[in-house]
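Atoms within each ligand, like the ligands themselves, are counted from 1 in listed order.
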Amino acid sequence: MARQKIIIDTDPGQDDALAILLALASPELEVLGICAVAGNVPLAWTQKNALKICELAGKTGVPVYAGASRPLVRDLVTAEHVHGRTGLDGPDLPEPSMALQAQHAVDFIIDTIRLEPAGEVTLCTLGPLTNVALALQRAPDIAARIQQIVLMGGGFSEGGNITPAAEFNIYVDPHAAQVVFASGIPLVVMPLDVTHQVLTTRQRVAAIGALGTPVARAVVELLEFFERYDEQKYGSDGGPLHDPCVIAWLLQPALFQGRHCNVSIECSSELTMGMTVVDWWHVTERPANAMVMRTVDADGFFALLTARLKTL
Ligand code: BDR
Ligand code: CA
């Protein structure tokens with residue numbers, strides 16, 4: 001069976017790291033490249049973190065590209081309060097020996113979508129949508145050739161995690177999100193409503209630790225650092241493993257349920273900047289532009305993740 005071709009656009013981030021590991025561990029997927037973008041921490045860290053994760057996985061042949069260092073319009077907002085100073089606080093991962101590709105991530109996205117057969121490449125976005133929006137603005141012809149975009153971002157009934165109304169990835173670059181949601185490209189959205197259901201409980205982290213491999217040990221250290229923020233703030237058992245939901249959907253879509261509806265992005269009001277306005281009940285005439293997920297089989301998700309990590 002042909003492997004699903006994907007490009008991962010990411011701002012690692014511990015949960016991004018888990019998503020990348022899940023993708024690199026999955027034979028159904030062919031990772032054509034990893035694009036770094038500024039988000040959780042500035043680009044200098046996210047690009048280095050992407051390299052570190054490829055090396056941790058032993059997949060040094062995967063090309064990593066540096067992309068946008070700031071959002072389209074607004075100033076960069078980062079999330080060191082969640083991810084630590086480096087974005088990948090937790091384990092002591094070695095300095096990467098892999099080098100970044102010389103090409104800019106936006107050019108890589110454009111070239112790849114033009115070169116690969118139309119409808120065969122899926123974009124998996126785990127951070128602010130800046131790189132993808134820049135590619136669409138510079139090369140509008142690629143929109144019709146992109147198979148779909150599976151993205152972590154937004155929230156419906158969960159509200160926001162960076163402001164009361166907005167989720168971090170959309171909030172950081174709402175103008176980029178607006179470009180993507182208006183692009184006509186098929187979208188699959190993993191909002192906070194779903195990602196808050198996949199918690200790294202003590203039992204689930206212990207199951208990963210029991211794998212006993214160097215990758216599993218690093219993952220446990222990543223998760224133990226990452227989950228402290230949500231545990232302290234919300235009193236939950238573990239933290240929400242947002243970004244791996246994107247990859248898990250490609251591998252086992254039946255784990256998730258959602259609805260096709262319209263999502264529009266608020267870019268005017270300072271109060272609700274970056275809010276994803278989800279027309280779940282179809283109360284407007286706005287055409288559906290996204291498959292918005294709402295529920296997930298969390299135990300099935302962790303069973304998949306743990307089984308795949310075992311192979312690295
Ligand atoms: C998203 O924001 C980042 O902090 C995480 O990596 C995830 O992509 C969750 O709101
Ligand atoms: Ca992320």
(request) May I ask you to identify, for I162, whether its side chain, its backbone, both or neither come under 4.0 Å of ligand 1 on a heavy-atom basis? (result) neither

(request) Could you tell me whether D15 and ligand 1 have an N or O pair separated by under 3.5 Å? (result) yes

(message) Angle between ring planes, Y234 versus Y229, binned at 30° and 60°: parallel, tilted or perpendicular?
(response) perpendicular

(request) Give a yes/no answer: is there an N/O/S atom of G127 under 3.0 Å from the Ca ion (ligand 2)? (result) no

(message) Just to confirm my output: which protein heavy-atom neighbour is closest to atom 8 (O) of ligand 1, and how far is it?
(response) D243 OD1, 2.7 Å

(message) Does only the side chain of N161 get under 4.0 Å from ligand 1, or the backbone, or both, or neither? Count heavy atoms.
(response) side chain

(message) Test your reading of the structure: does L126 have an N or O sitting under 3.5 Å from an N or O of ligand 1?
(response) yes

(message) Within ligand 1, which atoms have a heavy atom of D16 less than 4.0 Å away?
(response) 6 (O)

(request) Check whether the side chains of T125 and D9 place a donor and an acceptor atom closer than 3.5 Å, and report yes or no. (result) no

(request) Specify which N/O/S atom of D11 comes nearest to the Ca ion (ligand 2), by atom name. (result) OD1

(message) Does either side chain, that of Q4 or that of E120, offer a donor lying less than 3.5 Å from an acceptor on the other one?
(response) no

(message) Between ligand 1 and N40, can you find any atom pair, the residue atom being a heavy atom, that is separated by under 4.0 Å?
(response) yes

(request) Specify which N/O/S atom of D243 comes nearest to the Ca ion (ligand 2), by atom name. (result) OD2

(message) Starting from atom 9 (C) of ligand 1, what is the nearest protein heavy atom, named by residue and atom, and what distance separates them?
(response) E167 OE2, 3.2 Å

(message) Any donor-acceptor pair under 3.5 Å linking the side-chain atoms of E167 with those of T276?
(response) no

(request) Would you check if the side chain of D107 reaches a backbone N or O of Q103 as a donor-acceptor pair within less than 3.5 Å? (result) no

(request) Using the salt bridge (Lys or Arg N to Asp or Glu O under 4.0 Å) rule, pick out the option among K5, R3, R308 that qualifies with E28. (result) R308

(message) Can a side-chain donor-acceptor contact be found between D193 and S157 if the only test is distance below 3.5 angstrom?
(response) yes

(request) Compute the minimum heavy-atom distance from H83 to ligand 1 and say whether it is under 4.0 Å. (result) yes

(message) Quick one about N40 and H83 (side-chain donor to acceptor, distance below 3.5 Å, no hydrogens or angles considered), yes or no?
(response) yes

